[in-house]
Amino acid sequence: VAILFLSDADATGAWAAALERELPDDEVLIGTDAARARAADIDFAVVWYPPPGLLARLPSLKAILSLGAGVDHVVLDPGLPAGVPLVRLVDPALTEQMAEWVAMNVLRHHRLMPFYAEQQARAYWKRHDIPRARERRVGIMGLGVLGQAAAAALRPFGFPLAAWVRHPRPWTDGEIFAGPEDLGPFLARSDIVVCLLPLTAETRGVLNARAFARMPRGAAAINGARGGHVVAADLIAALDSGQISAATLDVFTTEPLPASDPLWRHPRVTVTPHAAAVTLAETAARAIAANIRRCRTGTAMVGVVEPTRQY
Ligand code: NDP
Ligand code: OXD
C-alpha cells in the first residue's frame with residue numbers, strides 16, 4: 001500500500017520525510033505522475049488542491065486527507081469519489097497559530113493600530129480615545145476548532161464575545177447566534193467581526209454589502225477563513241463610506257493577491273499572505289498519520305467532513 005502526497009504549495013521533501021517517519025511501513029508517492037502510475041496501490045491521499053478527477057481514479061482509496069483545516073479545495077472537484085471519507089486537518093499547532101493571529105488582530109483593531117499606522121505615514125501625532133475592552137464587542141463567525149481557540153485567546157482581555165454558528169447550543173463564554181435569521185442581530189452587536197467559517201455554498205459571500213450595513217458604524221472586519229467569504233468590492237465601498245473603519249484580510253479569492261488589486265493599497269486594509277495559520281509538515285504529518293492508523297483499525301477519524309454540510 002502507498003500514501004499519495006499531492007500539493008504544489010508545500011515543501012515536498014519535508015512532507016515525504018515527515019510522513020515516512022510517522023508511517024515507516026508505508027511508501028510515500030509524490031505527485032500526479034506517481035498517482036497515475038500506481039493508482040491501484042494508493043489507499044490514502046494527502047492533498048491540497050488535487051487536480052479534478054484524479055482522486056476518482058484511485059480504486060483502493062480509503063480516505064482523502066486535507067493538508068489544511070479547510071476542505072473547499074477538495075470539494076471543488078465535481079468528480080470526488082462518493083463514499084470515500086474526506087477529512088480536514090485538526091492540528092494543535094495550526095490551531096495555536098490561528099488563535100495568535102486572531103488575538104493579535106483583534107487587539108490591533110481595538111487599539112486603533114490601523115489608524116496609527118496611517119498617521120505615522122504622515123508623521124501626524126494625534127491620540128484617540130478608545131473604549132475599554134469590556135465595552136468592545138467581538139463577534140466570531142464560526143465556533144469550530146479555530147473559532148473556539150480564538151475565543152479562548154480573547155477571553156482574558158474581557159471583550160464581550162458572541163459567536164455565529166449553524167447549530168444552536170449553550171456556550172459559557174458568550175452569546176450564541178445560530179442560522180441565517182440570527183446573522184443580522186449577531187452583526188449588529190459586533191464592533192469587531194472575525195470570520196473563521198468554512199467556505200461552503202451557504203457561507204460564500206456572507207460578508208457582503210448587506211452584512212457590512214448591519215454592523216455598527218465604524219466596525220472592523222477580520223477575515224482569517226477564505227477569500228470567498230468577503231465580497232471585496234462591497235468591503236471597499238463600506239470602508240470608503242466609513243461604515244467599516246478598517247479590515248484585516250489573510251485570504252483572497254485569487255492567491256497570491258494580484259499586485260493590481262486595490263486591497264493592497266487601501267489605507268485601512270491590512271493584508272497578510274494566507275499566513276494566519278500555516279500547516280507545518282512535522283505536526284500535521286503526526287495528525288494525518290494518527291487518522292490513517294485510526295482508519296486502518298476501524299476507529300473513527302478526527303475531522304471527518306459531513307458531505308451534505310461541506311465542512
Ligand atoms: P470547523 O469545521 O471546526 O468549524 C466550522 C464552524 O463554522 C462551526 O462552528 C460551524 O457551525 C460554523 N459554520 C459552518 N457553516 C455555517 C453556516 N452556514 N452558518 C453559520 N455557521 C456556520 O472549522 P475550523 O475551525 O477548523 O476551520 C474554519 C476555517 O478556517 C477552515 O474551513 C478554513 O477555511 C479556515 N482556515 C484558514 C487558515 C488560514 O491560514 N487563513 C488556516 C486554517 C483554516 P456549527 O458549530 O454549528 O457546526
Ligand atoms: C487551511 C489553510 O485550511 O491553510 O488549513 O488555509
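In each ligand, atom 1 is the first atom listed, and ligand 1 is the first ligand listed.
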**Message:** side chain to side chain contact (heavy atoms under 4.5 Å, CB included), that's the test. Do Val138 and Val194 meet it? Break it down for me.
**Reply:** CA-CA 8 Å; Val138 177; Val194 181; 4.2 Å; yes
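- At under 3.5 Å, a nitrogen or oxygen of Val145, whether backbone or side chain, sits near a nitrogen or oxygen of ligand 1.
- Counting all heavy atoms, side chain and backbone alike, Ala277 lies closest to Met98 at CB-N, 3.9 Å.
- Within the listing of ligand 1, atoms 15 (N), 16 (C), 17 (C), 18 (N) sit less than 4.0 angstrom from a heavy atom of Thr203.
- Note: an N/O pair closer than 3.5 Å links Arg88 and ligand 1 by distance alone.
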**Message:** Set out, in order, the CA-CA distance, both residues' side-chain angles and the distance that settles side chain to side chain contact (heavy atoms under 4.5 Å, CB included) for Leu6 and Leu54, then state yes or no.
**Reply:** CA-CA 10 Å; Leu6 274 184; Leu54 185 76; 3.3 Å; yes
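- The atoms of ligand 1 that sit less than 4.0 Å from any heavy atom of Arg169 are 9 (O), 45 (P), 46 (O), 47 (O).
- Within the model, atoms CZ of Arg293 and CG of Asp26 stand 10.0 Å from one another, a figure rounded to the nearest 0.5 Å.
- Ligand-side atoms of ligand 2 in range of Gly68: 1 (C), 3 (O), 5 (O), range being under 4.0 angstrom from any heavy atom.
- Where the criterion is an N or O separation shorter than 3.5 Å, residue side chain and backbone included, Asp72 fails it with respect to ligand 1.
- Between His274 and ligand 2, at least one pair of N/O atoms sits closer than 3.5 Å.
- Nearest protein neighbour of atom 11 (O) of ligand 1, counting heavy atoms only, is Arg166 N, 3.3 Å.
- Distances between N or O atoms of Leu196 and those of ligand 1 include no value under 3.5 Å.
- Residue-ligand proximity: Ala225 is placed with a non-hydrogen atom under 4.0 Å from ligand 1.
- Annotation for ligand 2: atoms under 4.0 Å from non-hydrogen atoms of Arg226 are 1 (C), 2 (C), 3 (O), 6 (O).
- From Met141, atom CE reaches atom CG of Leu197 across 5.0 Å, with rounding to the nearest 0.5 Å.
- With hydrogens left out, the protein atom closest to atom 37 (C) of ligand 1 is Gly224 O, 3.1 Å, a heavy atom.
- Between the Ser245 side chain and the Gly218 main chain, a donor and an acceptor come within less than 3.5 Å of each other.
- Shown here is Arg169, whose CZ atom has more than 12 heavy atoms of other residues, nucleotides or ligands within 6.0 Å.
- Heavy-atom contacts of His274 reach the following atoms of ligand 1: 39 (C), 40 (O), 41 (N) (cutoff under 4.0 Å).
- Remark: Arg309 CZ is packed, more than 12 non-hydrogen atoms of other residues, nucleotides or ligands lying under 6.0 Å away.
- Near Val251, meaning under 4.0 Å from one of its heavy atoms, ligand 1 places the atoms 41 (N).
- Each of the following atoms of ligand 1 lies closer than 4.0 Å to a heavy atom of Ala69: 26 (O), 43 (C), 44 (C).
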**Message:** Quick one, Tyr116 with His128, criterion ring pair (Phe, Tyr, Trp, His ring centres under 6.0 Å). Give me CA distance, side-chain angles, the key distance, then yes/no.
**Reply:** CA-CA 9 Å; Tyr116 289 130; His128 303 275; 5.7 Å; yes
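- Ring orientation note: the planes of His110 and Phe159 are nearly perpendicular, at an angle over 60° on the 30°/60° scale.
- In this structure, the side chain of Asn208 engages the main chain of Ala211 through a donor-acceptor pair within 3.5 Å.
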**Message:** Let's go through Ile244 and Met215 carefully: what are the C-alpha distance in whole Å and the side-chain angles of both, what is the deciding distance for side chain to side chain contact (heavy atoms under 4.5 Å, CB included) to 0.1 Å, and is it a yes or a no?
**Reply:** CA-CA 8 Å; Ile244 297 298; Met215 294 179 199; 3.6 Å; yes
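- Closest protein heavy atom to atom 32 (O) of ligand 1: Pro198 CA, 3.3 Å.
- At under 3.5 Å, a nitrogen or oxygen of Glu202, whether backbone or side chain, sits near a nitrogen or oxygen of ligand 1.
- The residue from Trp101, Tyr311, Phe177 that puts a heavy atom closest to atom 10 (C) of ligand 1 is Tyr311.
- An N or O contact shorter than 3.5 Å is missing between Met98 and ligand 1 by distance.
- Remark: among candidates Leu197, Leu143, Val278, the nearest residue to atom 9 (O) of ligand 1 is Leu143, based on non-hydrogen atoms.
- When each atom of ligand 2 is checked for a heavy atom of Ala69 under 4.0 Å away, the hits are 1 (C), 3 (O), 5 (O).
- Classified by interplanar angle (parallel below 30°, tilted 30° to 60°, perpendicular above 60°), the ring pair Phe5/Trp15 is parallel.
- Of the protein's non-hydrogen atoms, the one nearest atom 47 (O) of ligand 1 is His167 N, 2.7 Å.
- Taking 4.5 Å as the limit, every side-chain heavy atom of Asp8 sits out of range of all side-chain heavy atoms of Tyr49.
- In this structure, OG1 in Thr283 is found 7.5 Å from CG in Leu89, a value given to the nearest 0.5 Å.
- Contact annotation for Arg88 and ligand 2: no heavy atom of the residue comes within less than 4.0 Å of the ligand.
- The structure places OH of Tyr311 at 13.0 Å from CG of Leu199, a figure rounded to the nearest 0.5 Å.
- Looking from atom 4 (O) of ligand 1 to the surrounding protein, the closest heavy atom is Gly144 CA, 3.1 Å.
- When non-hydrogen atoms are compared, ligand 1 lies under 4.0 Å from the side chain of Arg226 (C-beta onward) but not from its backbone.
- Close N/O approach between Leu94 and ligand 1 is not found [any backbone or side-chain N/O within under 3.5 Å].
- For a threshold of 3.5 Å applied to N or O pairs, the pair formed by Leu146 and ligand 1 contains at least one separation below that value.
- Counting the atoms of ligand 2 from 1 in the order shown, those under 4.0 Å from a heavy atom of Gly70 are 1 (C), 3 (O).
- Close approach to Trp164 involves these atoms of ligand 1, each under 4.0 Å from a residue heavy atom: 19 (N), 20 (C), 21 (N).
- Residue-ligand proximity: Gln148 is placed with every non-hydrogen atom at 4.0 Å or more from ligand 1.
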**Chi angles and distances behind the salt bridge (Lys or Arg N to Asp or Glu O under 4.0 Å) call for Arg210, Asp234** = CA-CA 9 Å; Arg210 184 147 188 258; Asp234 292 358; over 6 Å; no
